[in-house]
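Quick notes on the structure that follows.
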Amino acid sequence: MYKNLDPILHTPLRLAIVSYLMAHSKASFKELKENTKATSGNISVQLKKLEEAGYLRIEKSFLDNYPLTQVALTKKGIKAFENYVEALKKYIF
């Protein structure tokens with residue numbers, strides 16, 4: 001693992017999820033699935049890891065009697081992403 005690169009974010013799917021959430025304040029599970037092209041099971045596992053790290057919060061509710069899972073970054077998650085990008089820049093420049 002590269003020094004200073006957050007191991008929580010340094011996996012393709014978790015990085016894709018957090019990157020998407022940086023551009024969108026909130027996203028549904030379905031929206032993340034469509035945009036990442038990942039399986040439901042894989043997304044669930046990665047969301048749980050991000051939630052356990054305190055990088056995002058998961059809200060479960062119902063919309064028209066259907067389950068609705070929405071995800072949003074926390075301040076800690078935003079800061080972690082910003083730090084990750086800054087660390088990555090050191091390898092590029």
If you group Ile, Leu, Val, Met, Phe, Trp and Tyr by side-chain heavy-atom gaps below 4.5 Å, do V18 and V45 land in one group? no
Side-chain donor or acceptor of T74 paired with backbone N/O of Y55 under 3.5 Å: yes
Can K49 and E52 be counted as an ion pair, charged N to O under 4.0 angstrom? no
Hey, any chance V85 and I8 share a hydrophobic cluster, counting ILVMFWY side chains that come within less than 4.5 Å of each other, even indirectly? yes
Tightest non-hydrogen contact, residues K26 and L21, listed as C-CD2, 4.3 Å
For the CG atom of L68 and the CD atom of E59, what is their distance to the nearest 0.5 Å? 9.0 Å
Quick one: closest heavy-atom pair of A27 and Y20, and the distance? CB-CE2, 3.8 Å
Looking only at non-hydrogen atoms, find the nearest pair between T36 and L32 and report the distance. OG1-O, 2.7 Å
Closest heavy-atom pair and its distance - S25, A72: O-CB, 3.5 Å
To the nearest 0.5 Å, how far apart are NZ in K33 and OG1 in T39? 7.5 Å
Report yes or no: do Y66 and V71 belong to one cluster of Ile/Leu/Val/Met/Phe/Trp/Tyr joined by side chain heavy-atom distances under 4.5 Å? no
Minimum side-chain heavy-atom gap L9-L50 below 4.5 Å: yes
Taking atom CD1 of I78 and atom CG of L56, what is their separation to the nearest 0.5 Å? 11.0 Å
Does A53 offer a backbone N or O that forms a donor-acceptor pair with the side chain of K76 under 3.5 Å? yes
One should read off an interatomic distance between Q70 CD and E31 CD, to the nearest 0.5 angstrom, of 8.5 Å
Nearest-0.5 Å distance that lies between atom NZ in K30 and atom CD1 in I43: 12.5 Å
So CG of L88 and CG of D6: to nearest 0.5 Å the spacing works out to 12.0 Å
Check the side chains of Q46 and N42 for a donor-acceptor pair under 3.5 angstrom, ignoring hydrogens and angles. yes
Going by heavy atoms in the side chains, are L15 and Y84 under 4.5 Å from each other? yes
